[in-house]
**Q** 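Below: one structure in structure tokens.
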Amino acid sequence: MMSTVILLFVLSIEIGLVVYSLKTNSQQNRAKHIIRLATFGLFALLLVFQVIQWGFQWIPLFLVLLIQAVLSGLSFVIKSPASEKPLKTKRVILTTLGHCLFMIAVLVPALIFPQYKALPVSGPYPVQTESYTLTDSSRIESYDDTGSYRNVTIQFWYPENHQGNETYPLLLFSHGSFGFRGSNYSTFKELASHGYVVGSIDHTYHAFFTKQTDGKMIFVNTNFMNDAIAIQSQTSKYNEQETYELTHQWLKLRSEDMNLVLDTILENVKKENTADVYRIIDPKRIGLFGHSLGGATAADLGRKRTDIDAVVILDGTMLGEEIDYDNGQMVLNKEPYPTPLLDIFNEEHFSEASALGENYGNMKANKHAVDARQVVVEGAGHLNFTDLPLFSPVLAGILGTGDIDSRYCLETMNEVVLNYFDYYLKDLGELKIQAVY
């Protein structure tokens, strides 16, 4: 990884300088200034030639190297005394150790979020994106005390070179607990490149962060985050009744968000003077998908709405199938699931679901659905169905990934999802989905 190489390079310079200073019994200030100028110059060249891909993770290092270079440059302009202070070995070593620790801290963002090669798209369409923040005047925001209406932000990825009156199916995505609307960026671009309008929803205060179109940043609600972590842990502080009530509050909020977005899109499609993204949407071909809690949201709308043509769940629990909790037992919906359904599991999730059988919402819905399929990805963990393992392997590993190759998992998932939506929304080819990958 580039960040690791740069860290080793920076530490080598610091250690080399202190060794040289101790060996020559001199501060070697001139040599230090030259090396600091050269280091900044090298970093700048790596940026110019895109060996280092500029991003937020490189800002701390850039600023530190810039400041060091400016100070070193000034040292050649401002004359300093010819004689150097006597070299104190202990002080030099401690100063170098402190500087090495400081540089490690500066490179932490680059180590946690290393640059990576994005998955290539395979479709013929160039992809463009735009975002909108919607206001739901029927709901007061429950996560703050200002009395304001709830805002929901949607980002679209869609074919750029649309011609004439050509329209494309609409796909709406819902992210998992404290995910965000870009959590499956590679999937969105892949689908859009094959002729889909893909909209991803930021569930405000459930997303790790939401950037509204007015520039306002809203971060995840800490109570929601703590409750979500507690429920997922084996030592949850909530009993089954409390878990049912809390998760269904979340599901209700998210389903209302997705209904708001979908209804707004369909209203805008009907307007004569509307944005380009709405002009190219075919309102008669709609698919929903989501990861984790977002998968539950997509499945909930797939059961309740009549205008949904296909639903894909990415490793989520179908909470909407739990219609009551009575006398210590979960009551599941007995009515057949009405919409074509694809349920993608990680290996452990599928094993646990299979053990529960029809006492688990997904398994009961799949068995009695009008049209349902299940896919298991061996070696995958929960977060392998998002882009996080590419964006931050460290965080993804902490939160839950399997031993599967991350790129292979995403490429396989994207291929399966594309094939499924092509089959049900475009009547293209045959369904080539395996039960196990």
**Q** Please state whether the rings of Phe219 and Phe209 are parallel, tilted or perpendicular, taking 30° and 60° as the class boundaries.
**A**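 Geometry flag for Phe209 against Phe219: tilted rings.
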**Q** What class does the angle between the rings of His349 and Phe345 fall in, given that below 30° is parallel, 30 to 60° is tilted and above 60° is perpendicular?
**A**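 The arrangement is perpendicular - the two ring planes meet at more than 60°.
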**Q** Does the Asp300 side chain pair with the main chain of Ala296, one donor and one acceptor, at a distance under 3.5 Å?
**A**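 Absent.
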**Q** Has Gln212 got a side-chain atom pairing as donor or acceptor with Asp214's backbone, closer than 3.5 angstrom?
**A**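 Not confirmed, Gln212 side chain does not pair with Asp214 backbone.
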**Q** Within this structure, what is the OH-CD1 distance for the pair Tyr437 and Ile344, rounded to the nearest 0.5 Å?
**A**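 One gets 8.5 Å once the value is rounded to the nearest 0.5 Å.
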**Q** In the structure I gave you, are the side-chain heavy atoms of Leu262 and Arg305 within less than 4.5 Å of one another anywhere?
**A**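 In contact.
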**Q** Would the His194 and Tyr125 ring centres measure less than 6.0 Å apart?
**A**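 Ring centroids of His194 and Tyr125 are no less than 6.0 Å from each other.
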**Q** Salt bridge between Glu256 and Lys252, side-chain N to carboxylate O under 4.0 Å?
**A**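 Looking at Lys252 together with Glu256, the answer is yes, because their closest N to O distance falls below 4.0 Å.
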**Q** Under a 3.5 Å distance rule, please check whether Asn362 uses its side chain to pair with a backbone N or O of Phe350 as donor and acceptor.
**A**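 It does not hold such a pair.
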**Q** Could you tell me how the ring of Tyr196 sits relative to the ring of Phe421: parallel (under 30°), tilted (30 to 60°) or perpendicular (over 60°)?
**A**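 Tilted: the ring planes of Tyr196 and Phe421 meet at 30° to 60°.
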**Q** Hey, do the aromatic rings of Phe173 and Phe289 have their centres closer than 6.0 Å?
**A**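 Judged by ring-centre distance (under 6.0 Å), Phe173 and Phe289 do meet the cut-off.
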**Q** What I want to check is whether the side chains of Glu245 and Gln249 have a donor and an acceptor closer together than 3.5 Å.
**A**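 Result is no, nothing qualifies.
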**Q** Under the 3.5 angstrom rule, does the side chain of Asn384 hit a backbone N or O of Gly381 as a donor-acceptor pair?
**A**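 Yes, because the side chain of Asn384 sits within donor-acceptor range (under 3.5 Å) of the backbone of Gly381.
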**Q** Restricting to side-chain contact (heavy atoms from CB on, under 4.5 Å), what partner residues turn up for Val121, sequence neighbours left out?
**A**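 For Val121, the residues satisfying side-chain contact (heavy atoms from CB on, under 4.5 Å) (neighbours in sequence not counted) are Lys189, Glu190, Ser193.
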**Q** Measure from the ring center of Phe56 to the ring center of Phe113 and say whether it is less than 6.0 Å.
**A**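 When the ring centroids of Phe56 and Phe113 are compared, they turn out to be within the sub-6.0 Å range.
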**Q** So, Asp136 and Arg139, do they make that salt bridge, N to O below 4.0 Å?
**A**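 Here Asp136 pairs with Arg139 in a salt bridge, since their nearest N and O are under 4.0 Å apart.
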**Q** Between Asn151 and Thr204, is any side-chain donor less than 3.5 angstrom from a side-chain acceptor?
**A**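 Side-chain D/A pair, Asn151 to Thr204: absent.
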**Q** Could you measure the distance from the CG atom of Asp202 to the CD1 atom of Ile218? Nearest 0.5 Å is fine.
**A**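 Rounded to the nearest 0.5 Å, the CG-CD1 separation comes to 9.5 Å.
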**Q** Before we go on, tell me: are the rings of Trp54 and Phe62 under 6.0 Å apart, centre to centre?
**A**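 Ring centres of Phe62 and Trp54 closer than 6.0 Å.
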**Q** Of the non-hydrogen atoms in Leu425 and Leu170, which two are nearest, and what is the gap between them?
**A**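 Result for this residue pair: CD2-O, 4.2 Å.
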**Q** Is there a donor-acceptor pair under 3.5 Å between the side chain of His248 and the backbone N or O of Glu322?
**A**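 Side chain of His248 to backbone of Glu322, a donor-acceptor pair under 3.5 Å: yes, one is there.
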**Q** Rounded to the nearest 0.5 Å, how far does CD1 of Ile35 lie from OG1 of Thr39?
**A**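 Going from OG1 on Thr39 over to CD1 on Ile35, the span is 7.0 Å.
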**Q** Give a yes or no on whether the backbone of Thr243 and the side-chain of Thr247 come within a donor-acceptor separation of less than 3.5 Å.
**A**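 Here the side-chain-to-backbone pair exists.
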**Q** Taking salt bridge (Lys or Arg N to Asp or Glu O under 4.0 Å) as the definition, give me every residue that meets it alongside Lys364, ordered by chain and number, with sequence neighbours left out.
**A**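 Checked Lys364 against salt bridge (Lys or Arg N to Asp or Glu O under 4.0 Å); matches are Glu358.
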**Q** Less than 4.5 Å apart, side chain to side chain, heavy atoms only: is that true for Leu71 and Arg36?
**A**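 Result no, sub-4.5 Å side-chain heavy-atom pair not found.
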**Q** Is the terminal nitrogen or CZ of Lys426 (NZ for Lys, CZ for Arg) located under 6.0 angstrom from the six-membered ring centre of Tyr168 and within 45° of that ring's axis?
**A**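 No.
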**Q** Under 4.0 Å between a Lys/Arg side-chain N and an Asp/Glu carboxylate O for Arg303 and Glu321?
**A**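 Answer for the salt bridge query: yes.
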**Q** Aromatic ring centroids of His291 and His175 under 6.0 Å?
**A**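 Distance test on ring centres: not under 6.0 Å, no.
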**Q** At what distance, to the nearest 0.5 angstrom, does CG of Leu314 lie from CG of Asn346?
**A**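 If I round to the nearest 0.5 Å, the distance is 11.5 Å.
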**Q** What do you reckon, is CZ of Phe43 surrounded by more than 12 foreign heavy atoms closer than 6.0 Å?
**A**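 More than 12 within 6.0 Å, yes.
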**Q** Whether the side chain of Asn419 engages the backbone of Glu415 through a donor-acceptor N/O pair (distance < 3.5 Å, no angle test) should be reported.
**A**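 No.
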**Q** Taking the six-membered ring for Trp, are Tyr132 and Tyr278 closer than 6.0 Å centroid to centroid?
**A**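 Aromatic pair counts; centres sit under 6.0 Å.
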**Q** Counting distance only, does the side-chain N/O of Tyr244 pair as donor-acceptor with the main-chain N or O of Asn239 below 3.5 Å?
**A**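 Checked: no pair found.
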